[in-house]
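Letters A, B, ... mirror the listed sequences (proteins, then strands); counts begin at 1.
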Amino acid sequence: MRQCSDEMEASAHFRRYNARMDVSHLLDGLNADQREAVTATDRHLLILAGAGSGKTRVLVHRIAWLTQVVGVPPWGVLAVTFTNKAAREMRSRCDALMPDGTRGMWIGTFHGIAHRLLRQHWQEAGLPESFQILDSDDQLRMVKRIIADLGLDDRRFPPRQAAWFINAHKDEGRRAASIQGGNASTDPFLEIYRAYEAVCQRAGLVDFAELLLRSHELLLREAGLLDHYRRRFGTILIDEFQDTNALQYAFVRVLAGDTGSVLVVGDDDQSIYGWRGARVENVQHFLRDFPQARMIRLERNYRSSANILAAANAVIANNPGRLGKRLWTEDADGEPIDLFAAHDENDEARYAVARVREWIDGGGRAGDCAILYRSNAQSRAFEEALLQAGLPYRVYGGVRFFERAEVKDALAYLRLIANRADDAALERAINTPTRGIGARTLEQVRARAREEAVPLWEAIAREIEARTLASRARQALSGFVDLIERLDASGADLELAPRIDEMLAATGLRAHYANESRGMMDARTDNLDELVTVASRFSRSEEDASMNELAAFLGYAALEAGEGQAESWEDGIQLMTLHSAKGLEFAQVFLGGMEEGLFPAQRSMEEPGRLEEERRLAYVGITRARERLILSWAESRRIHGIDTLGAPSRFLREVPPAVLREVRPRIHLLRPAQVAGGRAMGSSDAAGGFRLGQRVRHAGFGEGTIVDAEGSGAHARVQVNFEEAGAKWLVLAFARLEPMA
DNA sequence: GACAGTCCTGTTTTT
DNA sequence: CAGGACTGTC
C-alpha cells in the first residue's frame with residue numbers, strides 16, 4: 001500500500017489514455033439525468049432515485065466511470081449496501097462492466113465492512129483475535145440471562161425491550177457509560193446494558209450494532225488508522241442511503257473526512273425502516289454536512305405503467321416534508337388498477353388465486369406474479385388457496401438456514417472450538433444433546449463466573465477444581481470439557497467440512513436429531529448434512545485469506561443468514577411482506593389486506609411519524625408492479641383467532657378514482673375528493689368518543705360496527721355496518737349512537 | 001432431566 | 001390460531 005500514490009498516478013495516466021478510446025459504452029443507454037449522475041464532477045453527490053429509475057445501473061456505471069475515465073484506482077473505492085444480496089449484485093455488475101474487474105475494491109454491507117475492519121485491527125479495537133459475532137437470537141438469550149442474573153423481574157423488564165434498548169442506543173452511537181441515568185423507568189435497562197457490555201467483552205462477543213459502533217470508535221481513536229483509510233478510500237458510494245442510521249452516517253462522515261468524495265443514492269419516499277433506527281433525515285443532513293453536495297433527481301421510471309405511477313405519485317403526495325419527486329414514464333397508461341372488496345381473508349385469497357390463474361392462462365409466468373402483504377401472518381390464507389389450486393408458490397421470509405435451531409446448535413460447538421470464552425455458544429452447546437448437565441449445575445457455574453468475572457468456560461474449570469459439586473455433575477462437566485478439547489485438537493489438521501462432520505458425530509448432535517425424528521425423513525438432519533456441504537463449498541474471499549478458516553466461516557454464517565442457499569427456486573408465485581419486496585419488481589402485483597389497523601398498522605397510527613412510514617410502504621408496494629396492480633381489502637378478517645371487522649385503508653382513498661376500477665364494490669369506498677378537510681379518524685383521535693371498528697347500537701337500525709368516518713365537529717359522520725340494516729352513513733350529532741363494550 | 005399440559009401474547013427485518 | 005414460556009408430574 002506504500003506505493004499507492006505512485007501506482008495511482010500511473011494508472012490514472014493509463015486510464016485517461018484508455019478512456020479516449022473506449023468510454024462510450026459506459027454511457028450507452030443512459031438518459032440525460034443518469035449520464036449527469038454518472039459523469040458529474042462534483043465532489044459530493046446525492047442521487048435522489050425514484051423507484052424503478054435505474055439507480056443500481058447508475059451506481060455501477062459511476063464506479064466504472066470513476067475508475068476507467070477519471071483515474072480513481074479500484075482500491076480507492078468503497079461501495080456500501082444494506083444487504084448481502086445487493087452487495088453481490090453490485091459486485092457482479094461491476095465485474096461485467098469493467099474489464100479490469102473490481103480487484104481491491106471494497107464492496108459490501110456496512111456490517112461486512114465493519115467486520116473486516118475489526119478482524120484486521122482486532123488488537124486496536126480491544127477484541128480477542130477469535131472474537132465472534134452474536135446474532136439477534138443469541139443476543140436476546142444473552143439479555144434474558146443477564147436479566148435473570150441481575151435479579152430483575154422479566155415481566156417489568158422484558159428481554160425484547162431490553163435488547164431493543166441496547167440496540168437503539170448503539171445505533172445512535174451511545175455506550176452505557178455515556179447515557180444519562182436518573183430516570184427510574186429506564187435505569188434498570190441501563191443497568192442491563194452495562195452488564196451486557198461487560199459480559200460480551202469478557203466473552204469476545206460482538207453483536208450487529210457493536211460491529212459498527214466499535215469500528216467507528218476505532219477510527220476515532222486511532223489517528224493513524226483513520227488517516228490510512230481516508231487516504232485509501234477517497235471515493236465512497238452508499239446505496240439505499242435513506243436506510244442509514246445515525247451511527248452509519250457518523251461512520252461515513254468520519255471516513256470521508258475533509259478529503260473524501262461521497263456519493264449517496266437513495267429515495268426518501270422509500271424509507272421504511274425508521275422503526276429500527278433508520279433516519280430519513282440523513283438525506284437532508286447530507287446536503288447540509290457535505291459542502292456543495294449536488295442533488296440529482298432520477299424521476300423517469302422504466303418499470304411501471306402510467307396508471308400505476310399515477311397511483312404511486314398520488315398516494316405519496318400526502319406525505320409532508322418530502323424532498324419532492326414525481327415519477328413519470330413514456331409508457332402507455334396501461335390497465336386500470338383493480339380494487340377488490342373481499343368478504344374475508346379466504347375470499348381475498350381465492351380472488352388472488354383467480355387473478356394469478358388468469359395471468360397464467362394468458363401465457364404469463366407464475367414467477368412474474370407477486371402477492372404482497374403487510375404482515376407475515378397474512379400469508380397463510382394465500383398459501384392455503386394456492387395449495388388448493390395446485391399452483392406453485394414460494395414464501396419469502398421466515399427462518400433462514402443459518403438461523404435454524406439445529407444449525408445454530410452445530411455452530412455453537414464450532415464457536416466454542418474457535419473461542420472458549422464464547423459464553424453464548426457454551427450456554428447453547430453444553431446440554432444439547434442432553435448430557436446430564438442440568439439447571440442446578442449450570443446455575444452454580446454461572447454464579448462462579450459472575451463472582452469471579454470470568455467466562456463460563458473458565459468457571460467450569462474452577463468449579464471442577466474446587467470439588468464442590470456432586471461427583472456426577474463434575475464428571476459430566478469434565479466430559480464436556482474433554483469433548484471440546486478433543487474436537488479442537490483432532491480437527492486442527494482437517495478441512496472444514498470433514499471437521500464439521502466429525503463434530504456432528506462426536507457431539508452426538510446428528511444422532512440426537514436423527515433419533516428425534518424416529519427414522520422418518522427429517523428436515524433437521526438434512527440441514528445438518530447441508531451445513532457440511534455448505535462448508536465444503538465455502539471459500540474465503542481473497543481479502544479473508546489470511547484469516548483462520550473456521551473463524552472466516554463463522555463470520556460468514558453470522559453475517560449471511562443464508563437466503564442465498566435457498567435460491568434454487570422454480571417458477572412460482574412469490575409471497576412476501578411489503579418490506580421484503582423492496583428492490584424487486586413483478587409484472588402482476590396483488591396487494592392484500594388494505595384495511596385500517598392492518599395497513600396502516602394499528603401501532604403505526606399511534607406513534608407520530610409512523611403513519612408516513614406506512615404510506616411509504618404503500619408507495620413501495622404500488623411501485624413494485626410493472627403491468628398490473630390489484631388492491632384488495634376484506635370486510636372481515638380473522639386476527640389472532642377472532643373475527644374482526646375492518647374498514648378500507650385510507651391509502652385506498654388516496655388513489656385517484658380515475659385510475660381505479662372497482663371489480664367488486666362494497667360500501668361507498670370512493671367518495672369525491674372533497675373529503676380532504678375531514679380526515680378519517682385514527683383509532684385514537686376518536687370523534688365524539690367513537691372509533692373505527694367499534695360496536696355501536698342505534699335506536700332504529702340495531703347493532704353494528706363503525707367502518708368508516710369523515711368530517712369533524714358538527715359535521716362528523718360515521719359509517720356503520722348494521723347487522724340487519726346494512727351500511728349507513730350517520731351524522732354523529734343527530735344519530736344518538738350508543739357505544740357497546 | 002424429560003415431557004405434557006396450560007397460560008399468554010401477539011408488526012414490519014437485515015445485519 | 002399458534003408459538004413460546006412456564007408449571008407440574010414422573
Next on the checklist: At under 4.0 Å between heavy atoms, how does the protein contact nucleotides 1-10 of chain C? Give one character per nucleotide, 5' to 3', with B, S or -.
Outcome noted: BS--SS----
Could you check whether [X] gets within reach of a base, just the sugar-phosphate, or nothing at all, counting any heavy atom under 4.0 Å?
X: Asp207(A); answer: nothing
X: Ile437(A); answer: sugar-phosphate
X: Ala558(A); answer: nothing
X: Glu614(A); answer: base

Among [options], the nucleotide that comes nearest once only the side chain of [X] is considered:
X: His579(A); options: dT15(B), dT11(B), dT13(B); answer: dT13(B)
X: Thr434(A); options: dT15(B), dT12(B), dG1(B); answer: dG1(B)
X: Ser580(A); options: dT11(B), dT15(B), dT14(B); answer: dT14(B)
X: Thr577(A); options: dT12(B), dT15(B), dA2(B); answer: dT12(B)

Item to check | Nearest-nucleotide comparison on DNA chain B, the residue closer to the 5′ end among Gly436(A) and Ala601(A) | outcome: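 Upstream on the strand: Gly436(A).
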Item to check | 5' priority, DNA chain B, between Asn431(A) and Asn84(A) [closest heavy atom] | outcome: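 Nearest-nucleotide comparison on DNA chain B picks Asn431(A).
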Item to check | Is_stacked (Trp275(A), dT12(B)) at 5.5 Å, 30 deg | outcome: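 Yes, Trp275(A) stacks on the base of dT12(B).
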Checklist entry - What is the glycosidic conformation of dT9(B): syn, defined as within 90° of 0, or anti? => result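 In terms of base orientation relative to the sugar, dT9(B) is anti.
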Next on the checklist: Restricting to non-hydrogen atoms, name the atom on Arg141(A) and the atom on Arg428(A) that form the minimum distance, rounded to 0.1 Å.
Outcome noted: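 Minimum heavy-atom contact is NH2-NH1, 3.3 Å.
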Checklist entry - Honestly, is Arg415(A) close enough over Tyr413(A), meaning NZ or CZ under 6.0 Å from the six-membered ring centre and within 45° of the axis? => result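 Verdict for Tyr413(A): no cation-pi partner in Arg415(A).
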Checklist entry - In the structure shown, which nucleotide is the Watson-Crick or G-U wobble counterpart of dT11(B), with both distances under 3.5 Å? => result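 For dT11(B), the partner nucleotide comes out as none, under the 3.5 Å rule.
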Item to check | Distance (rounded to the nearest 0.5 Å) between Gln139(A) CD and Trp164(A) CH2 | outcome: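 Spacing of CD (Gln139(A)) from CH2 (Trp164(A)) equals 13.0 Å.
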Item to check | Nearest-angstrom distance from the residue atom CG of Leu598(A) to C1' of dG10(B) | outcome: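 Those two atoms, CG and C1', are 13 Å apart.
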Checklist entry - Got a donor-acceptor contact below 3.5 angstrom from the Arg615(A) side chain to the Phe651(A) backbone? => result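 Not at all, since once roles are kept as given, no pair shorter than 3.5 Å links the two residues.
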Next on the checklist: Check this for me: does the side-chain of Ser604(A) come within 3.5 Å of the base of dT12(B) through a donor and an acceptor?
Outcome noted: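 No.
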Item to check | Phe233(A)/Trp106(A) aromatic ring centres below 6.0 Å | outcome: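 Phe233(A) vs Trp106(A): aromatic centres under 6.0 Å.
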